[in-house]
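Computed over heavy atoms, backbone and side chain alike; hydrogens, waters and symmetry mates excluded.
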Amino acid sequence: MPESSSIVILTGAGISAESGVATFRGAGGLWEGHRVEDVCTPEALAANPELVHRFYDMRRAFVQTVEPNAAHLALAQLDAAWAGSLLIVTQNVDDLHERAGARRLIHMHGAHLSALCGDCGARFHWRDPLPPGSICPSCAAPAMRPDVVFFGEVPYGMDKVDAALRDCDLFVSIGTSGAVYPAAGFVRLAGAMGADTLELNLEPSQGSSFFAESRFGPASELVPAWVEGMLSRHALA
Ligand code: BJW
């Protein structure tokens with residue numbers, strides 16, 4: 001693969017698992033008995049704002065205590081070194097990719113360290129607890145909410161991601177179960193447009209059969225090995 005090739009990398013909760021961030025659908029995937037599908041909806045936010053805000057306050061505080069692992073660091077190294085176009089599309093709402101140094105990054109499901117005004121749509125960097133009814137610094141509506149994409153809401157950056165998927169030479173999926181759309185459909189779009197496709201995951205994902213190649217194991221081992229292979233091939237060329 002020439003060094004000018006275009007790469008799209010999709011990441012999910014599995015890449016942060018070894019940093020101590022719980023995945024959604026594995027063991028321990030429940031929070032106080034709630035499935036993510038029951039808490040992460042606009043309906044849940046409207047019906048029980050205290051519960052939903054408390055869920056995100058807890059997770060916002062927690063992500064500030066964890067560190068990037070070898071997989072985040074390896075992707076940041078690839079981002080810095082790769083001459084061709086590259087886009088990391090993360091479903092994760094932690095900030096471990098950017099803390100590892102990644103720059104060409106889209107948070108398609110939002111970010112823990114961000115708050116969104118449900119009224120005017122303004123977004124603010126936010127590290128502290130966010131009680132229901134918090135006032136928007138921009139429009140003064142008491143409508144601040146966690147800046148995460150709930151089920152039924154449109155993910156961020158989809159136009160840019162769609163264009164990158166249609167144009168890429170290689171699509172790599174890391175640490176995601178393939179249970180949630182539109183991300184679960186990226187491999188089929190990229191593959192149909194002629195890209196090579198590679199899955200790096202602990203176990204076969206729901207979309208495993210759509211990938212040309214799959215490698216199974218922990219992200220902290222698979223990702224550095226894959227990045228080293230990509231970069232050493234070009235150092236020798
Ligand atoms: C390791 C590892 C290690 C572990 N090393 N690997 C019916 C059919 C099809 C679609 C739909 C449908 N009904 C509704 C929909 C659409 C819906 C959807 O997909 N629902 C499904 C439940 C079926 N999707 C939406 O509503 C989305 N919006 C949408 O579609 O809008 C329409 C639209 C799209 C595009 C353009 C225009 C319009 C929004 C989805 C929002 C998802 N939000 C969440 C919460 C974010 C905030 C928060 O964190 O609380 O995002 S849900 C949750 O799941 C989170 C994740 O990003 C997402 C994906 O989870 P992920 O990352 O894959 O984690 P896991 O736990 O599932 O998997 C971890 C994997 O890692 C496993 O495979 C492990 O084996 C592996 N692993 N340790 C390597 N060490």
Side-chain angles (χ1 to χ4, degrees), residues 1 5-30 35-37 40 68-75 78-79 82 85-94 96-97 102 104-109 149 151 155-158 160-231 233:
M1 173 155 300
S5 305
S6 303
I7 308 174
V8 176
I9 301 164
L10 172 69
T11 68
I15 197 168
S16 296
E18 290 163 87
S19 292
V21 183
T23 60
F24 292 94
R25 293 170 185 82
L30 295 180
R35 291 187 314 144
V36 67
E37 287 81 355
C40 301
N69 65 51
H72 299 103
L73 293 167
L75 289 189
L78 183 67
D79 181 13
W82 194 254
S85 102
L86 178 147
L87 183 63
I88 300 170
V89 183
T90 188
Q91 298 170 85
N92 298 343
V93 293
D94 63 52
L96 295 177
H97 282 302
R104 293 182 274 182
L105 174 70
I106 286 181
H107 275 278
M108 66 177 283
H109 288 164
V149 177
F151 286 106
Y156 289 112
M158 284 301 99
K160 189 172 175 187
V161 172
D162 187 71
L165 287 167
R166 290 176 186 279
D167 199 39
C168 71
D169 302 298
L170 173 63
F171 172 75
V172 185
S173 171
I174 303 171
T176 176
S177 60
V180 176
Y181 287 84
F186 290 173
V187 60
R188 272 169 281 177
L189 174 57
M193 299 303 290
D196 198 3
T197 54
L198 169 66
E199 169 176 54
L200 305 176
N201 208 43
L202 198 56
E203 59 197 2
S205 68
Q206 291 186 22
S208 213
S209 61
F210 297 111
F211 289 86
E213 186 188 351
S214 296
R215 300 178 194 169
F216 301 120
S220 66
E221 294 175 15
L222 293 183
V223 179
W226 171 68
V227 167
E228 191 185 334
M230 292 293 286
L231 294 179
R233 238 172 279 148

To the nearest 0.5 Å, how far apart are OG1 in Thr90 and CE in Met108? 9.5 Å
Check: Asn92 side chain, Gly12 main-chain N or O, donor-acceptor pair, under 3.5 Å: yes
Only counting residues at least two apart or in another chain, list the ones meeting salt bridge (Lys or Arg N to Asp or Glu O under 4.0 Å) with Asp79. Arg104
Distance in Å, Thr11 OG1 paired with Leu96 CG, rounded so as to fall on 0.5 Å steps: 10.0 Å
Donor-acceptor pair, distance only, cut-off 3.5 Å: does the side chain of Thr197 make one with the backbone of Ala212? yes
Keeping the roles fixed (side chain from Asn69, backbone from Ser16), state whether a donor-acceptor pair exists under 3.5 Å. no
Compute whether any side-chain donor of one residue and acceptor of the other, for Glu18 and Ser220, lie under 3.5 angstrom apart. yes
For Asp162, which residues count as a salt bridge (Lys or Arg N to Asp or Glu O under 4.0 Å) partner, sequence neighbours excluded? Arg166
Under 3.5 Å: donor-acceptor pair, side chain of Trp82, backbone of Ile7: no
Do Gln206 and Ser177 meet the criterion of a side-chain donor-acceptor pair at a distance under 3.5 Å? no
Report yes or no: does Asn201 contribute a side-chain atom to a donor-acceptor pair with the main-chain N or O of Gly175 at less than 3.5 Å? yes
So, the side chain of Ser19 versus the backbone of Val21: is there a donor-acceptor pair under 3.5 Å, distance only? no
What's the separation between atom OG1 in Thr176 and atom CD1 in Ile15, rounded to the nearest 0.5 Å? 11.0 Å
